[in-house]
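I have placed the structure first, in the form of structure tokens, so that the comments after it can refer back to it.
Bear in mind the structure is a predicted one, so any value in this text is a computation, not a measurement. Just so you know, these numbers use all the heavy atoms, side chains as well, and skip hydrogens, waters and symmetry mates.
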There are 2 protein chains.
Amino acid sequence: MERKTLRQDLDDVDRRLIAALAADGRITNAELAARVGLAPSTVHGRVQSLIQSGVISGFTATVNKAKLGFGLQALVGVTLAPGARQASITDFADHARAFPEVVQVFFLGGVDDFMVHVAVADSSALRTFVVEHISGHPRVASTRTNIIFDYHRSASVESFR
Amino acid sequence: MERKTLRQDLDDVDRRLIAALAADGRITNAELAARVGLAPSTVHGRVQSLIQSGVISGFTATVNKAKLGFGLQALVGVTLAPGARQASITDFADHARAFPEVVQVFFLGGVDDFMVHVAVADSSALRTFVVEHISGHPRVASTRTNIIFDYHRSASVESFR
DNA sequence: CATGAAATCCGTAGATC
DNA sequence: GATCTACGGATTTCATG
């Protein structure tokens with residue numbers, strides 16, 4: 001009998017494939033197969049399954065923003081005005097993510113409502129961006145800007161989807 | 001007149017290549033060439049240059065942590081003990097980065113010294129991780145844990161045109 | 001679920017303009 | 001730089017165990 005159900009539990013091989021692809025998204029399927037000790041066609045099928053099931057949601061190039069003229073990065077904590085409704089919250093999130101300066105947006109529970117990771121040219125551009133596009137938003141009550149001196153990422157992550 | 005033995009400035013084609021690769025790191029060179037209207041061999045050379053010069057620093061698969069059993073994420077602000085020297089700072093960063101739960105580490109200027117992005121199974125695991133591995137570090141003075149309700153990372157660093 | 005074989009497509013180097 | 005050509009290798013499909 002054929003099994004039409006999608007594989008739900010990941011085995012050790014899947015985890016190794018995920019780790020290898022997270023470390024190098026352009027590793028060849030042949031190399032991937034050699035590492036886990038399976039045939040290329042088998043590995044190809046597994047990776048396709050991981051993509052289709054959403055465990056791997058995409059592949060991306062990592063870009064050095066400093067070399068593109070965005071040498072200054074910051075984490076901007078944002079508090080919305082009291083009584084902001086759900087519509088206002090998603091509105092701000094959509095507003096923020098539309099700017100090319102915005103790298104990441106975290107929607108938080110706690111003191112801050114959002115944490116916005118931005119990359120800009122210099123401190124002048126940072127001030128302008130925060131004042132005009134974050135503090136300037138009608139629902140924003142306050143912001144706290146923290147300069148990022150250094151940054152490390154272990155793996156690309158997509159959380160809730 | 002023009003002396004461009006080593007390409008230092010990125011032209012519009014380079015920016016489109018970067019944007020396309022940031023959005024889909026596994027796009028084929030042939031497809032990339034079709035999009036920018038140049039020959040595959042030409043595009044291949046340009047992309048290699050972008051990689052060698054460090055503008056593109058790598059490729060990575062985006063992994064859905066929730067589907068791997070890490071459904072809860074948090075941003076943990078960390079303040080180190082007063083008087084911590086540079087060695088202590090880098091020591092903490094290396095310490096934090098080593099854990100599989102740690103997705104990103106931001107080394108900051110401002111109230112917090114670090115912001116640590118973690119992905120764990122549940123609130124119990126979060127508490128355990130923070131207490132044992134962050135608050136428990138001898139140089140850590142205080143932490144502020146913010147649950148991440150939603151998260152968005154920009155697919156590309158800049159618009160196409 | 002894994003495999004080998006086959007067909008197709010792609011990456012990459014080299015010569016030319 | 002950009003292009004075409006050419007070839008070695010990779011991806012991908014499919015029948016089979």
Side-chain angles (χ1 to χ4, degrees), chain A residues 1-64 67-69 156, chain B residues 1-64 67-69 155-156 158 160-161:
Chain A
M1 301 293 283
E2 60 174 332
R3 284 179 183 274
K4 303 191 74 174
T5 56
L6 212 57
R7 286 163 30 81
Q8 298 215 341
D9 42 336
L10 305 177
D11 62 16
D12 184 61
V13 170
D14 288 322
R15 278 185 279 271
R16 290 168 67 191
L17 294 177
I18 292 166
L21 286 168
D24 178 7
R26 275 201 155 181
I27 187 174
T28 67
N29 186 64
E31 168 66 17
L32 216 44
R35 288 202 196 172
V36 299
L38 291 176
S41 55
T42 305
V43 169
H44 179 258
R46 280 188 179 244
V47 172
Q48 290 303 113
S49 292
L50 290 170
I51 294 171
Q52 192 177 356
S53 66
V55 174
I56 293 175
S57 60
F59 295 87
T60 177
T62 301
V63 178
N64 185 329
K67 299 205 174 186
L68 286 181
S156 278
Chain B
M1 291 293 289
E2 59 176 351
R3 48 181 204 84
K4 300 178 81 175
T5 51
L6 281 180
R7 285 167 34 79
Q8 294 205 342
D9 300 324
L10 303 179
D11 61 16
D12 184 62
V13 171
D14 288 322
R15 280 185 279 270
R16 290 168 68 190
L17 295 176
I18 292 166
L21 286 168
D24 178 7
R26 272 202 157 182
I27 186 173
T28 66
N29 186 65
E31 169 66 17
L32 216 44
R35 289 202 195 171
V36 299
L38 291 176
S41 56
T42 305
V43 170
H44 179 258
R46 280 184 178 248
V47 173
Q48 290 303 111
S49 294
L50 290 170
I51 293 172
Q52 192 174 359
S53 67
V55 173
I56 293 175
S57 59
F59 295 88
T60 176
T62 301
V63 178
N64 185 327
K67 298 204 174 182
L68 287 181
S156 61
E158 56 186 9
F160 277 87
R161 276 174 234 285

Here the gap from B:I56 atom CD1 to B:I18 atom CD1, rounded to the nearest 0.5 Å, amounts to 5.5 Å
I'd like to know whether A:V47 forms a side-chain contact (heavy atoms from CB on, under 4.5 Å) with A:I51, so could you lay out the CA-CA distance, the side-chain angles of the two residues, the decisive distance to 0.1 Å, and finally the verdict.
CA-CA 6 Å; A:V47 172; A:I51 294 171; 4.0 Å; yes
Contact under 4.0 Å: B:H44 side-chain N or O vs C:dG11 OP1/OP2: no
Check: Do the side-chain N or O atoms of A:R46 get closer than 4.0 angstrom to the phosphate oxygens (OP1, OP2) of C:dA2?
Finding: yes
Here the distance between atom P of C:dC9 and atom CZ of B:R26, to the nearest Å, is 19 Å
Q) B:T42 near the nucleic acid: base, sugar-phosphate alone, or nothing, with a heavy-atom cut-off under 4.0 Å? A) base
In whole angstroms, the gap separating C1' of C:dA2 from CG of A:L32 amounts to 16 Å
Rounded to whole Å, CZ of B:F59 lies from P of C:dG11 at a distance of 11 Å
Quick note, A:A30 side chain, CB onward, closest among C:dG11, D:dT11, C:dA2 is D:dT11
Atom CG of B:L17 and atom C1' of D:dG1 are separated, to the nearest Å, by 14 Å
Closest to the 5' end of DNA chain C, once A:P40 and B:P40 are matched to their nearest nucleotides, is A:P40
### Query
Is the side chain of B:R16 donor-acceptor paired with the backbone N or O of B:R35 at a distance under 3.5 Å, no angle test?
yes
B:N29 CG to D:dA2 C1', in whole Å, measures 14 Å
Winner on side-chain proximity to A:S41, out of C:dG11, C:dA5, C:dA2, is C:dA5
In whole angstroms, the gap separating C1' of C:dG11 from CD of B:Q48 amounts to 9 Å
Task: Check: B:A22 main-chain N/O paired with A:T60 side-chain donor or acceptor under 3.5 Å - done: yes
Per atom distances to the A:A39 side chain, the nearest of D:dT11, C:dT3, C:dG11 is C:dT3
